Amino acid sequence: MSKANVLLVGCGGIGTIAALNLQIGQKATVTAVLRSNYDHVKNHGFHIRSVDHGIVEGFRPDTIIKSIPDVAKEGIQPYKYIICTTKNVPDNPPTLLDLIKPAVTPGYSVIVLIQNGLNIEKPIVAAFPTNVVLSGVSFCGSHQVQLGKIVHEDNDDVAIGPFDNPALDPALQEQAAREFVEIYGAGGKCQPEYNPNVGWARWRKLLYNACLNSICAVTDLDTGRIQLADAVVDGLVRPAMEEIRAGGKACGHDLPADLVDKMITMDPITMYNPPSMQVDLRKGRYCEYENIVGEPMREGIKHGVPMPTLTVLYNVLRAIQWRTKERNGLISIPDPVDHTATSN
């Protein structure tokens, strides 16, 4: 059986572990698109400390490239799977759609979105109606802590299912999802799960990402300190999570009440884990607030669910994003004027 030709877009914490799983399973050949870490990985490989794989020195995907290839123009072998593990920041172009478009072979490539948030598939399905698009909801706890150094602290737990594409046969979409699960888990170091209930899985993870992740980001308190700090859990985290539960239920995805406590205490206090959005803000990077906080907020409001906590979080994150854009020269503001000066 020939190996699946895979293009991996985004080789940070999540993407590197995905590449490692795919390669040790020996059912895929991985071409990884690297940007800031390309030179380091080319010369030294990745240093990985993983709860699933142990210490791995000098790991490199089968092929590393600096930019996404144009399959048609370059005459290269079409990619069976295009796996996207990048941050999803639609308010800061280029969008993911713009990035992957040259690599997609219509009617052939399966696009796998191992990304956070809600409604991330809509522009992809609209642009590629003949391609299967898969959802990957990952609890992996993997970060690139410095150039080429990956720390992976939580078992790779990923739920795979097809986003509904009304233009395609549901059986075809299910088959693509099951085949990807088999390829991803072939190495035996992780146990990916086929989960057709994509909406439920995504709303479930929003309990963590839209609430704990975002609150850690705006307060700059990690998940341990959030649990220790006065009134933060009961005053902010629980209300936000209950809004997510109500929004999910209104959209047909009933999340059990006990998931709230499970998500709050998922990270042990003494792990002092800064979630991804908090890490991004500490490093001056753009954050994924639109799909992680904005979309569930909008879906809830559309279905008549009050979203006061999420609305405040969304607007605070939107202001922080504006600040980051200004610092990066994307926004111009008037020069300061001395308003104390008086004229004769």
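Values below: every heavy atom of this structure, side chains too, minus hydrogens, waters and symmetry copies. All figures in this text were calculated on a predicted structure; none of them were measured in a lab.
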Whichever hydrophobic residues join Ile124 through chains of side-chain contacts under 4.5 Å: Leu7, Val9, Val33, Ile65, Ile68, Val71, Ile76, Tyr79, Ile82, Leu96, Leu97, Leu99, Ile100, Val104, Ile111, Leu113, Ile120, Val125, Phe128, Val133, Phe163, Val198
Stacked cation flag Lys149 on Phe46, 6.0 angstrom / 45 deg: no
Straight-line distance of Leu206 CG to Ile244 CD1, nearest 0.5 Å: 5.0 Å
side-chain hydrogen bond (donor to acceptor under 3.5 Å, both in side chains): pairs with one or both residues in residues 161-171, sequence neighbours excluded: none
Nearest-0.5 Å distance that lies between atom CD1 in Ile17 and atom OG in Ser142: 4.0 Å
Cluster check Leu8, Val137: I/L/V/M/F/W/Y, side chain < 4.5 angstrom: no
Linked hydrophobic residues, Leu330 as query - side chain contacts closer than 4.5 Å: Val89, Tyr286
Pair listing, side-chain hydrogen bond (donor to acceptor under 3.5 Å, both in side chains) test, anchored in residues 31-40, at least two apart: Asn37-Gln144
Residues clustered with Trp322, ILVMFWY side-chain links under 4.5 angstrom: Ile331, Ile333
Quiz item: cation-pi between Arg225 and Tyr272, 6.0 Å / 45°: yes
Residue of the set Val158, Ile83, Ile114 for which side chain to side chain contact (heavy atoms under 4.5 Å, CB included) holds with Ile14: Ile114
Which atom of Pro162 lies closest to which atom of Tyr194, heavy atoms considered: CD-CE1, 4.0 Å
Chi angles and distances behind the side chain to side chain contact (heavy atoms under 4.5 Å, CB included) call for Val110, Val112: CA-CA 6 Å; Val110 176; Val112 187; 4.3 Å; yes
Verdict with reasoning, Asn291 to Asn119, per side-chain hydrogen bond (donor to acceptor under 3.5 Å, both in side chains): CA-CA 7 Å; Asn291 289 116; Asn119 295 335; over 6 Å; no
Straight-line distance of Asp280 CG to Lys283 NZ, nearest 0.5 Å: 8.0 Å
Intermediate values then yes/no, salt bridge (charged side-chain N to carboxylate O under 4.0 Å, His left out), Arg318 and Asp91: CA-CA 10 Å; Arg318 188 177 180 184; Asp91 59 313; over 6 Å; no
Side chain to side chain contact (heavy atoms under 4.5 Å, CB included) between Met271 and Thr223, worked out: CA-CA 8 Å; Met271 181 186 243; Thr223 57; 5.6 Å; no
Non-hydrogen side-chain atoms of Met277 and Ile292 separated by less than 4.5 Å: yes
Candidate pair Arg298 and Glu295, rule salt bridge (charged side-chain N to carboxylate O under 4.0 Å, His left out), full reasoning: CA-CA 5 Å; Arg298 287 185 280 268; Glu295 283 301 304; 2.9 Å; yes
Residue list, salt bridge (Lys or Arg N to Asp or Glu O under 4.0 Å) with Lys302, at least two apart or on another chain: Glu299
Distance-only polar pair, side chains of Asp222 and Gln278, donor-acceptor under 3.5 Å: no
